[in-house]
Amino acid sequence: MQTVDGSIHTSHYIDDEYYQKLVSDFSGWRQADREVTDPVFRDSCRRFLDLEARFLDEVHFQDWLKLFASNCVYWVPSSADGGDPRREVSISFDDRRRLEDRIFRLSTGAAWSQRPTSRTVRLISNIEVYATDQLEIVMVRSNFQITEFRAGETRLWSGWYAHRLRDSGNEYEILVKQVNLINFDQNLRNPSIIF
Amino acid sequence: MTKPEDTLPAVEAADPIFDYEMMIQEDKVHQRLYTEPGIFKEELTRIFGAVWVYLAHESQVPEKDNFVTSRMGLRPLIIVRDSQGDIRALYNRCTHRGSTICRESLGSAKSFQCPYHGWSYFNSGKLSGVPWPEGYACDFSDAKYNLAQVPRVASFRGFIFGTLNLDAPSLEDYLGPVREPINDWLDRHPGGKVKFSSANRLKFMGNWKLAYDNSADGYHVLFSHRSLLAMENRHHEDEQKGMSFYKGSPDGAPMYVKYYPNGHHFKDKRPNIENRPGALWEIEGIFPGMEHYEALFRERYGVKADRALDLASSEPVNINVFPNLHILGNHVQVTQPVSYNETDTTWYGTVVVDDDGELSGAVDDINTIRMRTQEAFPNFGEVDDLANFEQIQAGLAAEEDEWVYMHRGLGIKDRITEEDGVFTAPATDEVFMREYMKVYKLLMTSTPNIAITREV
Ligand code: FES
Ligand SMILES: [Fe+2]
């Protein structure tokens, strides 16, 4: 249900079928014969990821959210290559509503883990684009490094992203953003930024 | 098997050099308890060597030869179900020159070979061989070459504990009445058990006791978790959801805090809700797919839907077993000290097991829901707690401002009741901190009878 302020208050689309498809969409997708090597197309994906990263670095969460589909997932797995979120707790697994909640919470001024707010700068590189069975959907793999400065300390998050994007002709929409931290299986200190 | 007479004296604790009598008073404790590395070093012996420490869950080592690594204080351990089926807590420390022998966090192995010079051990801890033994004049069948192990290992309903202290009471006696809420927590599940799934793993730069002080603290909720409460209210302005019990006057609510002997405590929020099927589900926070799963369960399971949805919901309790085990909601949270100012806190998710099919096939969907509901608090609540613990650690750096107060409720007539060493008080009372600190003081001024054993 979409309310007047545009935020979503119910969640119906996460069902067993969704999970099944998610697990299969995120396994075995990096096949050499599916790689899209056209530099113009790949550059359009790179520009989109750069824009997304900038929205997060500039704490423009509402603009960032607009890049996501209404039936999206933001997923930070706690195992290598995702695993099955029906059987594992993830570091984060947000549907559209929970993603909006996450941003709402950060904007209350009482999310103490983000007071002061982290300053971040993201480097995104090693972009590879793969075609899927659906013409308008591509998978994009990229490496990231996030430098976070907060409360006098600078620290580093690293890993790789898998973006499942829908290409509507003139813009991209994020269906799933999967964040694979290199230290996904370790005890993490204050993982309260959006990765 | 190892026998008690095979125990060898290990660490002989020194007399206390810190004045615990002065540092732990009726209404307050000294900042040094949290900031002094020397006190942390003593705790490793007098607390983590002396009492029953939670080590692992049996569902992590379900089959013979399964192992999971753990720690008792800083001692690296391998918790193994050996080839005979016995659960042991082996020291992950080669008897040759001290290297850890196992570097995986879990797996299956009949034996372990030290990567350094290749000494090998059966999973009973017995040395199985060393490379080129003709270079040694000694007799390797001497038990002193077998791996050290924790002399006393015992389970309570799947939770594995160990202690090095030969004079410690039995595990049952150590737990005492805190077994009641643990029994309740387990008995709501089919077969009276749960299995561990994966974990949300967090850490904070602060002393481990900051987490223990907080574990039954009903005073902080409305303030520390203001953003989470606001987030929940965003969808359900007028409904009782998750943490909303704390709005208004939490001490006037039916929930309460209990302190049990030996440092354990329990915050029970169950009295806030009606005792009927479906009541737990009604207070469960929102999660991805909630509306879909509720509709599916109602359609598919009819009158049984409420029970299934309740099993998918979090149990509103915090059960804290001194010094490192917390059962809260559907989580099993394990606190692991790393140094005087660094602590790991690992939130294991738990899943329902339906061996007898009493849930009519709902078990997989129930567990899927539990994965999503269990992600909520670590993401939107615990991160703020840990940020606050780090800020306590920072505040306590002011060494001449000595005291940390825990006197809420102290001296107020008829507020706290006591029976057989069990104290009951309103939800925001700090009686549980004062009482556990008395146990802590006793432990820190005693010398435990510590030993290790070796397989013979
Ligand atoms: S330290 Fe293990 S074999 Fe030498
Ligand atoms: Fe808390």
Side-chain angles (χ1 to χ4, degrees), chain A residues 1 3 7-19 73-79 83-115 150-153 183-193, chain B residues 105 197-205 223-232 234-236 286-293 295-296 331 336 338 342-349 351 364-365 367-376 378-380 382-388 390-391 394:
Chain A
M1 182 183 70
T3 55
S7 62
I8 287 172
H9 287 266
T10 56
S11 171
H12 294 276
Y13 65 91
I14 304 289
D15 54 17
D16 201 60
E17 204 180 319
Y18 184 93
Y19 282 120
V73 156
Y74 166 77
W75 179 20
V76 188
S78 64
S79 58
D84 186 342
R86 290 170 295 185
R87 300 290 156 258
E88 295 161 26
V89 284
S90 310
I91 295 167
S92 298
F93 189 100
D94 297 359
D95 64 348
R96 176 76 194 204
R97 174 174 60 184
R98 190 171 263 187
L99 199 52
E100 290 181 12
D101 282 354
R102 181 179 292 279
I103 286 166
F104 173 85
R105 195 184 83 83
L106 292 173
S107 70
T108 59
W112 311 119
S113 50
Q114 275 301 306
R115 245 190 106 165
R150 182 181 173 273
E153 277 180 70
N183 50 351
F184 60 85
D185 56 354
Q186 300 298 301
N187 289 72
L188 305 176
R189 180 178 173 219
N190 195 2
S192 59
I193 59 164
Chain B
S105 55
S197 70
S198 57
N200 282 103
R201 295 172 186 274
L202 298 167
K203 72 156 63 240
F204 67 98
M205 300 311 288
F223 308 95
S224 289
H225 300 301
R226 181 141 43 99
S227 66
L228 174 53
L229 279 155
M231 187 182 115
E232 286 178 341
R234 182 173 170 245
H235 301 285
H236 302 272
I286 55 174
F287 63 88
M290 181 176 211
E291 288 78 3
H292 158 74
Y293 281 102
L296 178 82
H331 282 109
Q336 172 60 53
V338 179
E342 182 175 352
T343 306
D344 286 347
T345 153
T346 303
W347 296 60
Y348 290 95
V351 296
D364 286 346
D365 286 332
N367 288 333
T368 299
I369 296 174
R370 285 170 74 113
M371 296 304 98
R372 297 295 84 75
T373 58
Q374 289 173 116
E375 285 152 4
N379 269 270
F380 306 120
E382 183 65 6
V383 284
D384 291 342
D385 278 331
L386 300 184
N388 285 334
E390 291 198 354
Q391 292 304 312

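Hydrogens, waters and symmetry mates play no part in the numbers below; they use all other heavy atoms, side chains included. So that the names make sense, note that chain A is the first sequence line, chain B the second, and so on, each numbered from 1.
Contacts between B:D364 and chain A at a heavy-atom distance below 4.5 Å involve backbone atoms as well as side-chain atoms. For A:S113, the parts sitting under 4.5 Å from any heavy atom of chain B are the backbone and the side chain alike. Of the two parts of A:Y18, neither the backbone nor the side chain holds a non-hydrogen atom closer than 4.5 Å to a non-hydrogen atom of chain B. A:F93 touches chain B through backbone and side chain together, each having a heavy atom under 4.5 Å away. For a residue to count as touching a neighbouring chain, one of its non-hydrogen atoms must lie under 4.5 Å from one of that chain's; by this rule B:Y293 touches chain A with the side chain only. Using a 4.5 Å cut-off between heavy atoms, B:A199 contacts chain A through its backbone alone, with no side-chain atom that close. Heavy atoms closer than 4.5 Å to chain A are found in the side chain of B:E390, but not in its backbone. Contact annotation for A:D84: neither backbone nor side-chain heavy atoms come within less than 4.5 Å of a heavy atom of chain B.
With respect to chain B, the highest number of heavy-atom pairs below 4.5 Å among A:R98, A:E88, A:R87, A:R86 belongs to A:R98. Considering only heavy-atom pairs separated by less than 4.5 Å from chain A, the leading option among B:N388, B:L386, B:N367 is B:N388. Ranked by non-hydrogen atom pairs under 4.5 Å with chain A, the options B:R226, B:H292, B:E291, B:K203 are led by B:E291. When A:I14, A:N187, A:D95 are compared by the number of non-hydrogen pairs under 4.5 Å with chain B, A:N187 comes out ahead. The candidate with the highest count of non-hydrogen atom pairs below 4.5 Å against chain B, out of A:R102, A:R97, A:R189, A:R105, is A:R105. When each of A:G109, A:P85, A:S107, A:P191 is checked for heavy-atom pairs under 4.5 Å with chain B, A:P85 comes out on top. The residue among A:S90, A:S92, A:S78, A:S192 with the most heavy atom pairs within less than 4.5 Å of chain B is A:S90. Ranked by non-hydrogen atom pairs under 4.5 Å with chain A, the options B:N200, B:T345, B:T368 are led by B:T368. Interface check for chain A: of the options B:I369, B:V383, B:N379, the most heavy-atom pairs under 4.5 Å are formed by B:N379.
At least one side-chain heavy atom of B:D365 sits under 4.5 Å from a side-chain heavy atom of A:D16. Using a 4.5 Å heavy-atom cutoff, the side chains of B:Q336 and B:T343 are not in contact. B:F380 places none of its side-chain heavy atoms less than 4.5 Å from the side chain of B:E232. With a 4.5 Å cut-off on side-chain heavy atoms, A:D101 and B:I286 count as touching. Contact check for B:E375 versus A:D94: no side-chain heavy atoms found under the 4.5 Å cut-off.
When all heavy atoms of A:P77 and A:I91 are compared, the closest pair comes out as O-CD1, 3.4 Å. Contact between A:A111 and B:D384 at its shortest, heavy atoms only, is C-OD1, 3.5 Å.
Judged by distance alone, with hydrogens and angles left aside, the side-chain atoms of B:Q374 form a donor-acceptor pair with the main-chain N or O of B:R370 at under 3.5 Å. The backbone N or O of B:R201 sits nowhere less than 3.5 Å from a side-chain atom of B:T346 that would complete a donor-acceptor pair. Between the side chain of A:W112 and the main chain of B:S224, a donor-acceptor pair closer than 3.5 Å is present.
A cation-pi geometry, defined here as NZ or CZ lying under 6.0 Å from the six-membered ring centre and within 45° of its normal, does not hold between B:R372 and B:F287.
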